[in-house]
Amino acid sequence: MSNLQKGPLYLTNTLTRKKEEFIPLRPPHVGLYVCGPTVYSDVHLGNVRTFTTFDLLYRWLMHLGYKVRYVRNITDVGHLVGDVDEGEDKIAKRARLEQLEPMEIVQKYTNGFHDVMRLFNVLSPSIEPTATGHLIEQIEMVKRIIESGYGYEANGSVYFDVPKYAQKHAYGELSGRKIDELITNTRDTEGMDEKRSPLDFAIWKRAEAQHLMKWPSPWGEGFPGWHLECSAMSTKYLGQTFDIHGGGMDLKFPHHECEIAQSVAADGHAPVRYWMHGNMLTVNGRKMAKSEGNGFTPEELLTGNHKLLEKGYSAMTVRFFMLQCHYASTLDFSNAAMQASEKGLERLMAAMGTLEKLRPATNADPGQDEAVRGLAQRCHTAMNDDLNSPVMIAELFEAVRLINSANDGKVALGATAIEELRSLMNAMVFDVLGLRTEAAAAGDDTALDGLVQEFIRMRAEAKARKDFAASDRVRDQLAALGIVLKDTKEGTTWQRA
RNA sequence: GGUCGCGUGGCCGAGUGGCUAGGCACAGCUCUGCAAAAGCUGCUACAGCGGUUCGAGUCCGCUCGCGACCUCCA
């Protein structure tokens with residue numbers, strides 16, 4: 001747990017809008033809850049950004065030595081289309097369109113989500129609870145809210161009484177909203193006479209006879225409200241008060257605001273100590289969203305088969321691109337930016353390979369030991385400063401220069417410096433940033449390597465007899481097949497273009 | 001309309017009272033049979049206008065432009 005002693009971690013708490021020192025309730029344990037996807041359609045790149053952001057947080061907390069219980073839910077019921085409380089359930093609608101059981105839809109898109117997470121090397125959470133798996137907990141929570149006087153039943157549905165809650169509690173404190181302004185700004189909502197106020201939201205919803213996803217409850221057959229599952233499941237697995245709750249910026253209101261209200265109403269205190277919100281991925285300056293039609297799926301990204309894509313990009317290129325931007329800033333997707341990240345990642349990963357082969361210099365410069373320690377310290381400080389991965393990556397490129405200079409014999413690194421550099425780079429690049437080599441992702445290249453090595457020998461022989469036409473032909477032919485040769489002092493190496 | 005945020009060099013993006021972020025691109029050099037790779041060097045910006053300050057991308061005000069949320073969205 002030595003890392004825990006290396007200075008405090010600061011996180012921007014979106015509840016207070018300040019950078020605060022992170023102090024867990026029960027160290028070394030940390031409770032982390034992140035709103036997961038509603039599994040009614042394919043995830044797009046914007047979704048991936050949020051999960052990558054909290055993957056970085058999860059990885060950094062573990063790197064610091066914390067024992068993290070990371071809960072990320074799957075929403076498989078209750079999330080309605082269009083107008084709150086009047087729209088159709090998203091999953092039920094999709095089931096009707098695809099002529100499948102709702103649970104087939106849930107399974108299909110849950111599988112797809114998991115595939116995408118694996119592709120982008122996003123770690124699995126400790127617990128991945130589903131809303132339908134926690135109906136009892138949700139019903140119990142509705143009961144507690146009714147008992148506390150903040151929930152009321154109307155025609156088989158149960159609503160949360162927002163104006164009443166706001167009299168005693170700070171409804172809107174997370175999203176910076178004032179109850180009066182909310183009432184003023186609410187547009188006309190027709191057919192909602194069950195609700196006492198347009199601000200009220202359903203915590204339990206009556207199901208019509210033809211509704212496919214419904215369960216018995218004290219108020220008749222129905223299904224839980226969308227906001228409720230997160231409150232019920234975070235309470236169950238992390239306790240009534242826990243350390244960190246994350247999610248996309250667009251969930252701040254009303255979703256997270258409602259979560260706070262539900263927990264306060266049911267259990268009497270605020271559920272979360274640090275709220276964190278990841279910012280949006282934009283395309284041409286606009287939020288990537290299904291409704292904008294500007295989203296592309298990971299598959300389209302990889303193949304480049306989309307009108308916004310000049311070519312395909314690997315998942316690791318995209319991950320690296322995202323991590324080069326601070327999570328709280330909007331990030332604009334562009335082909336030029338992607339290609340810049342692609343090149344940068346390639347250089348970083350090449351240096352990782354070089355570092356593995358680096359031998360200590362005989363005339364080691366002891367000053368370099370200190371330089372490496374400084375790098376490590378600055379990486380650590382950057383990440384502790386609200387997960388500043390872009391600054392940490394900038395430091396990694398300083399390390400890249402050091403590695404390459406050492407490889408060229410321009411800097412003399414001793415055994416200690418090399419060991420510490422390896423330890424630092426492996427930790428930051430693989431464990432914390434969660435990058436991996438494309439070869440590792442693609443599989444084994446042993447046969448191909450054997451073939452290419454044979455061509456490299458042929459080319460070396462041609463070069464030895466100064467037959468450059470022949471040697472260039474080998475190189476050009478391989479290049480045409482996507483195999484790039486590089487001559488170094490130690491011989492020729494190859495890699496995929 | 002309300003609330004919040006943003007505007008940084010050719011592009012992407014950190015920083016946030018005084019000191020070169022970094023990546024990509026571009027130019028020159030070194031190395032090389034030639035390339036590629038790598039290293040070195042160069043290009044040095046903070047939307048505009050005013051103010052505070054010894055000193056402002058950094059704080060304050062105004063103007064312009066853009067976005068997010070306020071309705072499902074990560």
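Per chain, numbering begins at 1; letters A, B, ... match sequence-line order.
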Test log, rule ring pair (Phe, Tyr, Trp, His ring centres under 6.0 Å), inputs A:Phe296 and A:Phe333: CA-CA 11 Å; A:Phe296 30 81; A:Phe333 183 94; 4.9 Å; yes

When the ring centroid of A:Phe201 is compared with that of A:Tyr159, is the distance short of 6.0 Å? no

What's A:Met338 touching, base or sugar-phosphate or nothing? Going by heavy atoms closer than 4.0 Å. nothing

Say whether A:Thr53 and A:Thr50, considering side chains only, have a donor N or O and an acceptor N or O under 3.5 Å apart. no

Counting the atoms with a prime plus P, OP1 and OP2 as sugar-phosphate, which does A:Phe253 contact under 4.0 Å by heavy atoms, base, sugar-phosphate, or nothing? sugar-phosphate

Could you check how far CZ of A:Phe321 sits from C1' of B:A14, rounded to whole Å? 15 Å

Taking the basic N atoms (NZ, or NE/NH1/NH2) and the acidic carboxylate oxygens, is any pair closer than 4.0 Å for A:Arg206 and A:Glu194? yes

B:A47 to B:G9 separation - P atoms, rounded to the nearest Å: 8 Å

Whichever of A:His255 and A:Lys466 has its nearest RNA chain B nucleotide further upstream toward 5': A:Lys466

Could you tell me how far apart A:Asp42 (CG) and B:A74 (P) are, to the nearest whole angstrom? 12 Å

Quantified in whole Å, what is the P atom distance between nucleotide B:G23 and nucleotide B:C40? 10 Å

Centroid separation under 6.0 Å, is that true for the rings of A:Phe223 and A:His211? yes

Would you say A:Ser175 reaches B:U3's phosphate, i.e. side-chain N/O to OP1/OP2 under 4.0 Å? no

Tell me, for nucleotides 17-22 of chain B in 5' to 3' order, what letter each nucleotide earns: B for a base near a protein heavy atom under 4.0 Å, S for only sugar-phosphate near one, - for neither? ----BS

Please check the phosphate of B:A38 (OP1 and OP2 only) for any side-chain N or O of A:Asn407 closer than 4.0 Å. no

May I have the distance from A:Leu485 (atom CG) to B:G33 (atom P), rounded to whole angstrom? 16 Å

Checking only heavy atoms, does the side chain of A:Asp472 share a donor-acceptor pair with the base of B:A35 at less than 3.5 Å? no

Could you encode protein contacts along nucleotides 25-30 of chain B as a string, one character per nucleotide from 5' to 3', using B for base contact, S for sugar-phosphate-only contact and - for no contact, with a heavy-atom cut-off of under 4.0 Å? S-----

Could you tell me whether A:His44 contacts a base, only the sugar-phosphate backbone, or nothing, with contacts defined as non-hydrogen atoms closer than 4.0 Å? base

Picking from B:C72, B:C4, B:G23, which would you name as closest to the side chain of A:Ala340? B:G23

Distance test, side-chain N/O of A:Asn47 to OP1/OP2 of B:A74, below 4.0 Å: yes

Expressed as a whole number of angstroms, how long is the span from A:His326:NE2 to B:G5:C1'? 14 Å

What class does the angle between the rings of A:His227 and A:His255 fall in, given that below 30° is parallel, 30 to 60° is tilted and above 60° is perpendicular? tilted

Should stems be defined as at least three consecutive Watson-Crick or G-U pairs with both distances under 3.5 angstrom, which of them involve RNA chain B? B:1-7 with B:64-70, B:10-12 with B:22-24, B:26-30 with B:38-42, B:47-51 with B:59-63

Round to a whole Å and report the spacing from CE of A:Met349 to P of B:A38. 15 Å

Looking across every strand, which nucleic acid part, if any, lies under 4.0 Å from A:Gly247 by heavy atom: base, sugar-phosphate, or nothing? sugar-phosphate

Verify whether one side chain among A:Tyr40 and A:Asp76 offers a donor that lies under 3.5 Å from an acceptor in the other. no

Sidechain N-carboxylate O distance under 4.0 Å for A:Asp55, A:Arg319: yes

If the C1' atom of B:U20 is compared with that of B:U52, how far apart are they to the nearest Å? 28 Å

Select from A:Leu402 and A:Gly176 the residue whose nearest nucleotide in RNA chain B is closer to the 5' end of that strand. A:Gly176

Does A:Tyr327 reach the side chain of A:Asn279, with side-chain heavy atoms less than 4.5 Å apart? no

Just N and O in the side chain of A:Lys287: are any of them under 4.0 Å from OP1 or OP2 of B:C69? yes

Checking B:G2, B:A36, B:C72 against the side chain of A:Lys90 (C-beta onward), the nearest is B:C72

Between A:Glu346 and A:Lys343, is there a salt bridge with N-O shorter than 4.0 Å? no

Salt bridge between A:Glu398 and A:Arg378, side-chain N to carboxylate O under 4.0 Å? no

For the C1' atoms, the ones on B:C12 and on B:C69, what distance do you get once it is rounded to whole angstrom? 26 Å

To the side chain of A:Asp487, which of B:G39, B:A36, B:A68 is closest? B:A36

For A:Leu396, report the nucleic acid contact type (base, sugar-phosphate, nothing); a contact means any heavy atom under 4.0 Å. nothing

Within the pair A:Arg286 and B:G67, is there a side-chain N or O less than 4.0 Å away from OP1 or OP2? yes

On a whole-Å scale, what distance lies between the P atoms belonging to B:G1 and B:A25? 44 Å

Checking A:Leu11, A:Ile260, A:Thr16 against A:Trp275 for side chain to side chain contact (heavy atoms under 4.5 Å, CB included), the one that qualifies is A:Ile260

Whole-Å distance between B:A37 P and A:Arg475 CZ? 11 Å

Are A:Tyr33 and A:Phe54 an aromatic pair by the rule of ring centers under 6.0 Å? no

Euclidean distance for C1', B:G7 against B:G57 (whole angstrom): 11 Å

Given atom OH of A:Tyr171 and atom P of B:U3, what is their separation to the nearest angstrom? 18 Å

Which value, in whole Å, describes the distance between the P atoms of nucleotides B:U44 and B:G10? 10 Å

Side chains of A:Thr297 and A:His44: donor-acceptor distance under 3.5 Å anywhere? no

Counting any heavy atom closer than 4.0 Å, what does A:Ser471 reach on the DNA or RNA strands: base, sugar-phosphate only, or nothing? base

Looking across every strand, which nucleic acid part, if any, lies under 4.0 Å from A:Lys178 by heavy atom: base, sugar-phosphate, or nothing? nothing

Looking at B:C4, does its base get a donor-acceptor pair with the side chain of A:Arg17 below 3.5 Å? no

Atom C1', compared across B:G18 and B:A56: separation rounded to whole Å: 10 Å

How many Å lie between CZ on A:Arg177 and C1' on B:G2, as a whole number? 9 Å

Within 90° of 0 counts as syn, otherwise anti: where does B:G57 fall? syn

Is it true that the side chains of A:Ser341 and A:Gln324 contain a donor and an acceptor less than 3.5 Å apart? yes

From C-beta outward on A:Asn404, which listed nucleotide comes closest to its side chain: B:U3, B:A14, B:G39? B:G39

Does a side chain donor of either A:Asn73 or A:Glu128 reach within less than 3.5 Å of an acceptor in the other side chain? no

B:G15 OP1/OP2 closer than 4.0 Å to side-chain N/O of A:Asn388: yes

